[in-house]
Structures are given as structure tokens and as C-alpha cells.
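Contents: one structure, followed by commentary.
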Amino acid sequence: MRETTAVRGKVELRPVRPAGWWFDALLLAALVGMTVALANEGLFGIDRAVADWSQAHRPTAAHWTAVILNYLGQGTPLTLIALGLGVLLAVRLRSVRPVLPPVLAFALTFLTIGPLKVWTARPAPSASVKDPFLPAEQTLPLFQDELPLKFAQSYPSGHVANAIVWYGVIALLLAPLLRTYGRTMPPRLVAVVRVVPPLVVLCTTTYLGWHWLTDSVAGLLLGLLLDRVLHRAPWDGLPLPGALRDWNRPFISVP
């Protein structure tokens, strides 16, 4: 009873690093600025240079290694893993709260990544060497609404954004889950889980020609912004309906 009362007593946003909203504003400004620059045919030179270099330095072994590593950014498996961890932790703690982060993460990614891809309507670099076999210069611009939707969903990279969001949620849930088994998760391991897979996905998705470099950078900016939203949420203090009062235990601060 003391835990429940403490949780409901004071609801505050959780701290993030770097602290403050200035970094969120910087991420958003960078994403908007990059989108405006691309809409005005800026940054095409660096996109083309990186794509051409990758294509010229992609032997078979490196290609398939990158393909395998890129699976680290598959949104559906990551969603299911995060949800599974949340459900397991919820059962162990008898609390619905651990399920909330993957649910909100799914809502945020669904409402941002997909709509941005549809709105910006940009082909991938590979669109010049496979369907729809566009001229090389036509694969770079945004807002190509005349193309079928499946050929113009490159910006921003959903793999990169999803990797940042979902590995952040997985790290958020893994630490308290391990504590319920009497184990601890070292902070360095938390950092590895959150940082390494997104960086691998960013590099491989660009190297394979599945996204332009600016697509991947835009996915990075968007993913970091969404990640900060999720990690600010006061999961242990969010008010829940009275019907869930028996499933209202905190999980971030679980001993």
C-alpha cells in the first residue's frame, strides 16, 4: 500500500540526458532543416557520393553480412520482443505499467514514421537498379507523389528510427525485469543495447543502398526525439483507472 500511495502522490517527468528541452528542439530543428534542404535539392551531392561509393565497395560477403546485421532494425520483431518483455514483467510484478512503454512506443512510431514516409515520397537509391528502374537523377528528390507508394517511402529511414525507439524500450524493461530475478544490468550494458544496434542499422541500411545517407540521418534524428519522449514519461506515476488498482505497482523503481 505504501508503494501505491507514493506513486500517486507526485507525478513528474523523468530526467533524460542531455537534460532540458533544448536538445529536443535541436533534434527537431535539424530534422526540419534537413527536410527543407532536400526539398530544395540540397545535400544531393553527398547522398549520391555515399551511395556510389557503397555500390562500388560491396563484395558478396560484405553484402550478405550487412543484410544479416540489418535485421537488427526490423520493427515487427522488435515490437514483439518489447511487448513480450513488458508482459513478462507485468506478470511478475502484478502491474499493468510495464506494458505501457511498448504500447506508447508503437503508437508514436506508427503515427510519425509511416506518415512522414508517405508525405515526403522519396525513392531509395536502389530504385534505379530495380523496380521501378528510375533514372538515377530521379531517385534523389522528395515529394514524388506520382510514384506508386511502395516505391517512394525512403525518407526517413524507418529501420533506424525503429531501432533507436525499440532498443530504448527493451533496455528500459530489461533492467527492472532482471531485478525481479535478483540480477542487475550494468549501466554499460544498457548503453550497448541502446547504442550499438541503431548504429549498426544506420550503417548497413545506407551501405546496402536501401536508404540515402540523409534518410538514415533523418531516422536517427526522429528516433532520438521519440526516444526522449518515451524516457521522459513518468511510467511509475501515470494515473491509472481504479479498476487497475490491484495492478498498479511501479516497475522503474522496483527494488
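Quick note: residue numbers are just sequence positions, from 1.
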Would you say the side chain of [Y] lies within less than 4.5 Å of the side chain of [X], judging by non-hydrogen atoms?
{"X": "W166", "Y": "I81", "answer": "no"}
{"X": "P123", "Y": "L147", "answer": "yes"}
{"X": "P176", "Y": "L89", "answer": "yes"}
{"X": "V193", "Y": "V190", "answer": "no"}

Sub-3.5 Å donor-acceptor pair from the side chain of [X] to the main-chain atoms of [Y], do we have one?
{"X": "R48", "Y": "A136", "answer": "yes"}
{"X": "W210", "Y": "P125", "answer": "no"}
{"X": "D47", "Y": "T214", "answer": "yes"}

Could you see if [X] belongs to whatever hydrophobic cluster contains [Y]? Use Ile, Leu, Val, Met, Phe, Trp, Tyr and a side-chain cutoff under 4.5 Å.
{"X": "L140", "Y": "V217", "value": "yes"}
{"X": "L31", "Y": "V16", "value": "no"}
{"X": "V195", "Y": "L78", "value": "no"}
{"X": "I252", "Y": "V103", "value": "no"}
{"X": "Y207", "Y": "Y155", "value": "no"}

message: Among residues at least two apart in sequence or on other chains, which ones pass ring pair (Phe, Tyr, Trp, His ring centres under 6.0 Å) with F143?
response: W119
query: Do S154 and H211 have side-chain N/O donor and acceptor atoms under 3.5 Å apart?
result: yes
- prompt: Between the side chains of T206 and S216, does any donor sit under 3.5 Å from an acceptor?
  reply: yes
Please tabulate, for side-chain N and O atoms in residues 108-117, each donor-acceptor pair with protein atoms closer than 3.5 Å (sequence neighbours left out).
unit_1 : atom_1 : unit_2 : atom_2 : d
T109   : OG1    : A105   : O      : 2.9
T109   : OG1    : F106   : O      : 3.0
T112   : OG1    : L108   : O      : 2.6
K117   : NZ     : Q153   : O      : 2.8
K117   : NZ     : P156   : O      : 2.9

- line: For residues 197-215, the salt bridge (Lys or Arg N to Asp or Glu O under 4.0 Å) pairs (sequence neighbours left out) are R122-D215
Return the minimal non-hydrogen interatomic distance between [X] and [Y], and the atom names on each side.
{"X": "G86", "Y": "V99", "result": "O-CG2, 3.9 Å"}
{"X": "H231", "Y": "R14", "result": "O-NH1, 3.0 Å"}
{"X": "R228", "Y": "R17", "result": "NH1-O, 3.3 Å"}
{"X": "L142", "Y": "L38", "result": "CD1-CB, 3.5 Å"}
{"X": "W247", "Y": "L240", "result": "O-CD1, 4.3 Å"}
{"X": "V165", "Y": "D227", "result": "CG2-N, 4.5 Å"}

Which value, rounded to the nearest 0.5 Å, describes the distance between [X] atom [atom1] and [Y] atom [atom2]?
{"X": "L199", "Y": "Y167", "atom1": "CG", "atom2": "OH", "answer": "12.0 Å"}
{"X": "S54", "Y": "L213", "atom1": "OG", "atom2": "CG", "answer": "9.0 Å"}
{"X": "H63", "Y": "R58", "atom1": "NE2", "atom2": "CZ", "answer": "7.5 Å"}
{"X": "L27", "Y": "L222", "atom1": "CG", "atom2": "CG", "answer": "9.5 Å"}
{"X": "S95", "Y": "D236", "atom1": "OG", "atom2": "CG", "answer": "8.0 Å"}
{"X": "F44", "Y": "T139", "atom1": "CZ", "atom2": "OG1", "answer": "9.0 Å"}

- prompt: Are R179 and F251 in a cation-pi contact, defined as NZ or CZ under 6.0 Å from the six-membered ring centre and within 45° of the axis?
  reply: no
